[in-house]
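Below: the structure, in structure tokens.
In this chain, numbering begins with 1 at the start of the sequence shown.
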Amino acid sequence: MRDGKGPSRAPVLQFTNCRILRGRRLLREDLWVREGRILDPEKLFFEERLVADQQRDCGGCILAPGFIDVQINGGFGVDFSQATEDVGSGVALVAQRILSHGVTSFCPTLVTSPPEVYHKVLPQIPVKSGGPHGAGVLGVHLEGPFISREKRGAHPEAYLRSFEANAFHDVLATYGSLDNVRIVTLAPELGRSHEVIRALTARGICVSLGHSVADLQVAEEAVQSGATFITHLFNAMLPFHHRDPGIVGLLTSDRLPPGRHIFYGMISDGMHTNPAALRIAHRAHPQGTKTLSGSIAPMDVCVRHFLQATGCSVESALEAASLHPAQLLGLEKLKGTLDFGADADFVMLDDSLHVQATYISGELVWQAEEARQ
């Protein structure tokens, strides 16, 4: 077998002595990477007749797809909603620091703000690939200002807005541009919200329901219009009631369009959401779970708490932080998976799910001190 080494082709990297999360199972297989993508070793062996240029012993660790955080308002002293002259440097700082928590892609999130803040901030947060500099930016999550006053939470009431006669024009005027936007959280009970949902989804923007007093029928109609996500389930929405479960009822609704999948985020930090609520949601609709921070707790901490609180499998906990958000954003062919052809964004974890190393495009971008020894 020729080894094919030389300047004519990209090197092949083989990760050995590991368990790979693939197809909802932890498999004792090697992971092969070339040019930032996951390789099919059979094609490498039998079609290209090549061997690895370099091997890395993972010491029995778990290799899982990199975590994807679709709602992060800042951190490490940075608030993305602050209209500073250099928002980009704050985003870059957060992107770099979250690598240690296994996050390889994220959506910087802005809370309710006046139009001038959106106009100034949004152009400074472009979509950007990840690397040694930090996690990739998938697009901005705009949480507000089209939300309920009653369920606004920490959002400033003075800047809340409703939809006017030309609803989508009002959205464009408020945000200034949707070029870098990936998710918009809104309250579906607001008048003309359904035409806004249809217009946003037609542009490939994910619509999430949250900070809302919507009943179940209104929530179902929003999903029928194109909404696919629930922002921090149980928080800032009507409490579950047996006569009308509100937005929470979407988890078991039988009035969703055929093939439509509803995802939901939960603040799995041990403070904002009771463990019993986590168990109820996960057992009612396990494939829609998306663990997230939404608080000061890092993503890996939320994953471990979610695992402990729900009693789910390790595989399910890891997929809730990787595969499910990728599916929500329509990126499951490239992100949130270690299938052949996907981006080689992955995290190396010990058995207790503590991050040992983070890789983006097959390149080591962060490593724990103990893993360096």
Side-chain angles (χ1 to χ4, degrees), residues 68-74 80-81 105-115 117-127 137-149 151-156 159-164 166-214 218-219 221-233 235-237 247 250 260-265 290 292 294 325 327-331:
I68 301 172
D69 197 336
V70 301
Q71 185 180 359
I72 179 168
N73 301 101
F80 296 144
S81 300
S105 301
F106 72 114
C107 293
T109 304
L110 274 62
V111 297
T112 295
S113 304
V117 169
Y118 294 119
H119 297 181
K120 186 172 185 178
V121 172
L122 284 177
Q124 297 186 60
I125 314 180
V127 174
V137 176
L138 299 174
V140 178
H141 180 168
L142 298 173
E143 189 183 357
F146 303 100
I147 59 175
S148 163
R149 292 183 182 276
K151 294 295 182 180
R152 67 183 185 277
H155 291 238
Y159 303 136
L160 299 182
R161 300 175 70 94
S162 57
F163 300 117
E164 304 301 331
N166 191 339
F168 191 62
H169 179 270
D170 189 45
V171 170
L172 289 174
T174 299
Y175 296 139
S177 171
L178 293 171
D179 291 347
N180 302 334
V181 176
R182 200 61 184 256
I183 305 173
V184 172
T185 292
L186 55 78
E189 70 272 16
L190 297 180
R192 302 182 182 274
S193 65
H194 298 296
E195 65 182 84
V196 171
I197 293 172
R198 288 191 289 269
L200 289 171
T201 54
R203 289 177 173 233
I205 296 172
C206 169
V207 174
S208 185
L209 310 180
H211 289 278
S212 166
V213 293
V218 168
E221 290 170 351
V223 175
Q224 291 161 6
S225 294
T228 55
F229 191 45
I230 303 171
T231 294
H232 44 61
L233 184 72
N235 294 91
M237 59 186 62
I247 290 177
L250 289 175
R260 179 66 54 81
H261 201 71
I262 190 75
F263 293 88
Y264 56 92
K290 156 71 181 75
L292 53 82
Q327 291 172 330
L328 167 71
L329 299 177
L331 298 173

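No donor-acceptor pair closer than 3.5 Å links the side chain of T112 to the backbone N or O of Y159. Y175 places no side-chain N or O within 3.5 Å of a backbone atom of Y118 that could act as its donor or acceptor partner. Without hydrogens or angle criteria, R152 side chain to L160 main chain gives no donor-acceptor distance under 3.5 Å. Not one N or O on the side chain of H141 forms a donor-acceptor pair closer than 3.5 Å with the backbone of Q71. Side-chain atoms of S193 never come within 3.5 Å of backbone atoms of E189 as a donor-acceptor pair (strictly under, hydrogens ignored). Between the side chain of T109 and the backbone N or O of N73, no donor-acceptor pair lies under 3.5 Å. A distance-only check finds a donor-acceptor pair linking the side chain of S208 to the backbone of T231 [under 3.5 Å]. The main-chain N or O of P114 is never found under 3.5 Å from a side-chain atom of H119 such that the two would form a donor-acceptor pair.
The CG atom of L328 sits 9.5 Å away from atom CD1 of I68, with the distance rounded to the nearest 0.5 Å. Interatomic distance, CG of L209 versus CG of L233, reported as 11.0 Å (0.5 Å rounding). Here the NZ atom belonging to K151 is positioned 10.5 Å from the CD1 atom belonging to I247, to the nearest 0.5 angstrom. Between I230 atom CD1 and I262 atom CD1 the span is 5.0 Å, to the nearest 0.5 Å.
Across every non-hydrogen atom of L186 and V196, the tightest pair is CD2-CG1, 4.1 Å. Here the closest heavy-atom approach between residue A222 and residue I197 is recorded as CB-CD1, 3.8 Å. Between C107 and L329 the shortest heavy-atom distance is SG-CD1, 4.2 Å. Across every non-hydrogen atom of P108 and I125, the tightest pair is CG-CG2, 3.8 Å. Scanning all heavy atoms of the two residues, the minimum distance from R161 to P115 falls at NH1-CG, 3.8 Å. S148 and A187 make their closest contact through N-CB, 3.7 Å (heavy atoms, listed as atom of the first residue, atom of the second, distance).
Inter-residue side-chain proximity for V171 and F163 is flagged as met; some heavy-atom pair is nearer than 4.5 Å. Looking at heavy atoms from C-beta onward, V70 lies out of side-chain contact with L138 at the 4.5 angstrom threshold. Side chains of F80 and V121 form no contact here, defined as non-hydrogen atoms less than 4.5 Å apart.
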Checking side chain to side chain contact (heavy atoms under 4.5 Å, CB included) for the pair T185/F229: CA distance, chi angles, key distance, verdict? CA-CA 9 Å; T185 292; F229 191 45; 5.7 Å; no
Given the rule in the side chain to side chain contact (heavy atoms under 4.5 Å, CB included) test, do T201 and T228 qualify, once you have shown the distances and angles that lead to the verdict? CA-CA 10 Å; T201 54; T228 55; over 6 Å; no
Pair S177, L122 - check side chain to side chain contact (heavy atoms under 4.5 Å, CB included), show working. CA-CA 8 Å; S177 171; L122 284 177; 5.7 Å; no
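Identified under the ring-ring contact (aromatic ring centres under 6.0 Å, His included) test for residues 187-214, with sequence neighbours left out: H155-H211, H211-H232. Applying the salt bridge (Lys or Arg N to Asp or Glu O under 4.0 Å) definition to pairs two or more places apart or across chains, those involving residues 195-207 are R192-E195.
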